[in-house]
**Student:** 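This is the structure I have questions about; it appears just below.
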Amino acid sequence: YQRRVHGIIQKVKEQGLETCVTLGMLTDEQARRLKEAGLDFYNHNIDSSREYYEKIITTRTYDDRLQTLQRVANQGIQVCCGGIIGMGETLEDRIKMLTTLTNTVQHPKSVPINLLERVKGTPMADLPDFDSFDFIRTIAVARIMLPKSFVRLSAGRQNLTKEAQALCFFAGAPCTLR
């Protein structure tokens, strides 16, 4: 599949567009090949704080995620990295997630803030609705902590009212990700 992905990246670049992919964990060699193919951005969210991560993800470690981000940055590929809000985490977990992003060697160019999309039949399906003002505050704190990053309103935004989405833009998320 790597050849196919590289071919797609090159075709998109030929059109004069920037490229961004999400492919999970990467080795140094895979990151190098993506750079050679012309990749501009790599999306790899850390999801939450280190402490809460092990409660929600069992297939890889937090350090695995951070290593992939470092491998991407080492190749000069721009990092797109944020998290998911509303998974039962605490305010402290959200702050620690943002602190992790600020402590990376290079702040992510793009920081998507996602609101959990609850799916029936999954472990988080019955979580209570997340307070939209806490979500807006998270956007505002991300803007302050990562002043050179593009904080983006991302997944789950359609579950916010139009007014809450507008407040997210005022709080520091000037654009959305589809």
Side-chain angles (χ1 to χ4, degrees), residues 1-13 17-90 92-119 121-125 127 138 142 145-146 148-157 173 175-178:
Y1 86 95
Q2 288 181 7
R3 282 189 179 155
R4 197 167 94 209
V5 170
H6 295 175
I8 292 169
I9 291 168
Q10 290 167 345
K11 291 286 186 193
V12 171
K13 294 295 288 183
L17 300 172
E18 289 185 329
T19 54
C20 179
V21 298
T22 301
L23 301 170
M25 312 307 284
L26 295 178
T27 64
D28 288 328
E29 179 63 17
Q30 289 168 323
R32 185 187 64 73
R33 287 183 180 164
L34 288 170
K35 178 63 175 180
E36 285 177 0
L39 184 66
D40 297 298
F41 291 88
Y42 192 81
N43 176 265
H44 195 66
N45 291 330
I46 59 171
D47 298 325
S48 189
S49 69
R50 176 182 295 280
E51 294 78 7
Y52 196 67
Y53 187 85
E54 65 187 26
K55 296 175 184 171
I56 56 173
I57 307 288
T58 59
T59 56
R60 63 193 60 85
T61 68
Y62 203 72
D63 285 330
D64 290 337
R65 288 215 178 261
L66 295 177
Q67 288 170 3
T68 289
L69 292 171
Q70 188 60 55
R71 288 177 176 127
V72 167
N74 288 347
Q75 292 300 319
I77 299 169
Q78 296 292 327
V79 171
C80 177
C81 183
I84 305 170
I85 308 302
M87 299 183 293
E89 78 284 346
T90 65
E92 186 175 345
D93 289 315
R94 292 191 294 277
I95 292 168
K96 286 180 177 182
M97 176 194 71
L98 293 172
T99 301
T100 297
L101 294 177
T102 64
N103 289 335
T104 58
V105 175
Q106 173 186 348
H107 287 184
K109 183 76 169 182
S110 175
V111 180
I113 304 295
N114 302 277
L115 181 60
L116 176 69
E117 299 236 22
R118 293 175 298 188
V119 176
T122 63
M124 296 184 184
L127 287 175
T138 303
M145 292 178 73
L146 297 153
K148 294 183 179 179
S149 300
F150 289 101
V151 177
R152 300 178 192 272
L153 185 58
S154 209
R157 67 187 174 279
C175 55
T176 63
L177 278 178
R178 288 187 163 215

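For this chain, numbers begin at 1 and follow the sequence in order.
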**Student:** How close do Ser110 and Arg152 get, counting heavy atoms only, and between which atoms?
**Tutor:**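 Between these two residues, the closest heavy atoms are OG-NE, 2.7 Å.
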**Student:** So which of Lys13, Gln78, Lys35 actually passes side-chain contact (heavy atoms from CB on, under 4.5 Å) with Asp40?
**Tutor:**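 By the side-chain contact (heavy atoms from CB on, under 4.5 Å) criterion, Asp40 pairs with just one of Lys13, Gln78, Lys35: Lys13.
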**Student:** Taking atom CD of Glu92 as the centre, report whether more than 12 heavy atoms of other residues, nucleotides or ligands fall under 6.0 Å from it.
**Tutor:**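 Atom CD in Glu92 is not crowded, with 12 or fewer foreign heavy atoms closer than 6.0 Å.
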**Student:** Using 0.5 Å steps for rounding, measure from the CE atom of Met145 to the OG1 atom of Thr138.
**Tutor:**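 Rounded to the nearest 0.5 Å, the CE-OG1 separation comes to 11.0 Å.
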**Student:** Nearest heavy-atom pair of Pro108 and Leu146: which atoms, and what distance?
**Tutor:**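 Smallest interatomic distance, heavy atoms only, reads CD-CD2, 4.4 Å.
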**Student:** Roughly how far apart are Asp47 CG and Met87 CE, rounded to 0.5 Å?
**Tutor:**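 Going from CG on Asp47 over to CE on Met87, the span is 5.5 Å.
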**Student:** Flag the pair Tyr52 / Lys96 as yes when at least one side-chain heavy-atom distance between them is below 4.5 Å, and no otherwise.
**Tutor:**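 Not in contact.
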**Student:** Heavy atoms only: give me the nearest Val111-Gly82 pair and the separation to one decimal.
**Tutor:**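 Taking Val111 first and Gly82 second, the nearest heavy atoms are CG1-CA, 4.1 Å.
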**Student:** Give the minimum heavy-atom separation between Lys109 and Phe41, together with the two atoms involved.
**Tutor:**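 Lys109 and Phe41 have their closest heavy atoms at CG-CE2, 3.5 Å.
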**Student:** Would you please say whether a donor-acceptor pair under 3.5 Å links the side chains of Asp64 and Thr61?
**Tutor:**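 Indeed, the side chains of Asp64 and Thr61 share at least one donor-acceptor pair under 3.5 Å.
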**Student:** State, yes or no, whether a side-chain contact exists between Ser48 and Ile56 at a heavy-atom distance under 4.5 Å.
**Tutor:**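 Of all side-chain heavy-atom pairs linking Ile56 with Ser48, at least one is under 4.5 Å.
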**Student:** Less than 4.0 angstrom from a charged side-chain N to a carboxylate O is my criterion; do Arg33 and Glu36 meet it?
**Tutor:**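 Looking at Glu36 together with Arg33, the answer is no, because their closest N to O distance does not fall below 4.0 Å.
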**Student:** Atom SG in Cys20, atom CG in Leu39: separation rounded to 0.5 Å?
**Tutor:**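 Output value for this atom pair is 7.0 Å.
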**Student:** With a 4.5 Å cut-off on side-chain heavy atoms, are Tyr62 and Ile46 touching?
**Tutor:**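 Yes. Closest side-chain heavy atoms under 4.5 Å.
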**Student:** Any idea which heavy atoms bring Gly24 and Thr68 closest together, and the distance?
**Tutor:**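 Shortest heavy-atom separation between Gly24 and Thr68 comes out as O-CG2, 3.8 Å.
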**Student:** Classify the side-chain pair Asn74/Gln70 by whether it contains a donor and acceptor separated by less than 3.5 Å.
**Tutor:**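 Yes, a side-chain donor-acceptor pair sits under 3.5 Å.
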**Student:** Checking side-chain contact (heavy atoms from CB on, under 4.5 Å) for the pair Val151/Ile113: CA distance, chi angles, key distance, verdict?
**Tutor:** CA-CA 7 Å; Val151 177; Ile113 304 295; 4.0 Å; yes
**Student:** Indicate yes or no: at least one non-hydrogen side-chain atom of Asn114 is less than 4.5 angstrom from one of Ile85.
**Tutor:**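 SC-SC contact between Asn114 and Ile85 ruled out.
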**Student:** Atom OG1 in Thr90, atom CD in Glu51: separation rounded to 0.5 Å?
**Tutor:**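 Result: 9.0 Å between the selected atoms.
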**Student:** With heavy-atom distances below 4.5 Å as the criterion, would you say the side chains of Glu117 and Ile84 are in contact?
**Tutor:**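 SC-SC contact between Glu117 and Ile84 ruled out.
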**Student:** Are any non-hydrogen side-chain atoms of Tyr42 and Leu34 less than 4.5 angstrom apart?
**Tutor:**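 In short, these two side chains touch, coming nearer than 4.5 Å.
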**Student:** Measure from the side-chain N and O atoms of Arg71 to the backbone N and O of Leu26, and report whether any donor-acceptor pair falls under 3.5 Å.
**Tutor:**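 Checked: pair present.
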**Student:** Do Gln75 and Arg32 make a side-chain contact, defined as non-hydrogen atoms from C-beta onward lying under 4.5 Å apart?
**Tutor:**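 Contact flag for Gln75/Arg32 side chains = yes.
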**Student:** Quick check: closest heavy atoms across Gly83 and Met97, and the distance to 0.1 Å?
**Tutor:**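 The answer is CA-SD, 3.4 Å.
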**Student:** Drop me the distance from Asp93's CG to Lys55's NZ, to the nearest 0.5 angstrom.
**Tutor:**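 These two atoms lie 7.0 Å from each other.
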**Student:** Report the distance from atom OH of Tyr53 to atom OG1 of Thr100, rounding to the nearest 0.5 Å.
**Tutor:**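 Answer for the OH-OG1 pair, Tyr53 versus Thr100, is 12.0 Å.
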**Student:** Are any side-chain N or O atoms of Arg60 and backbone N or O atoms of Met25, one a donor and one an acceptor, separated by less than 3.5 Å?
**Tutor:**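 Checking the backbone N and O of Met25 against the side chain of Arg60, no donor-acceptor pair under 3.5 Å is found.
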**Student:** Check whether any side-chain heavy atom of Cys81 sits under 4.5 Å from a side-chain heavy atom of His44, and report yes or no.
**Tutor:**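 SC-SC contact between Cys81 and His44 ruled out.
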**Student:** I need the single residue from Ile9, Val5, Ile8 that forms a side-chain contact (heavy atoms from CB on, under 4.5 Å) with Thr19. Which is it?
**Tutor:**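 The option that passes is Ile9.
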**Student:** Side chain of His107, backbone of Ser149: donor and acceptor closer than 3.5 Å?
**Tutor:**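 No, because the side chain of His107 does not come within donor-acceptor range (under 3.5 Å) of the backbone of Ser149.
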**Student:** Walk me through it: do Met124 and Val119 pass the test side-chain contact (heavy atoms from CB on, under 4.5 Å)?
**Tutor:** CA-CA 7 Å; Met124 296 184 184; Val119 176; over 6 Å; no
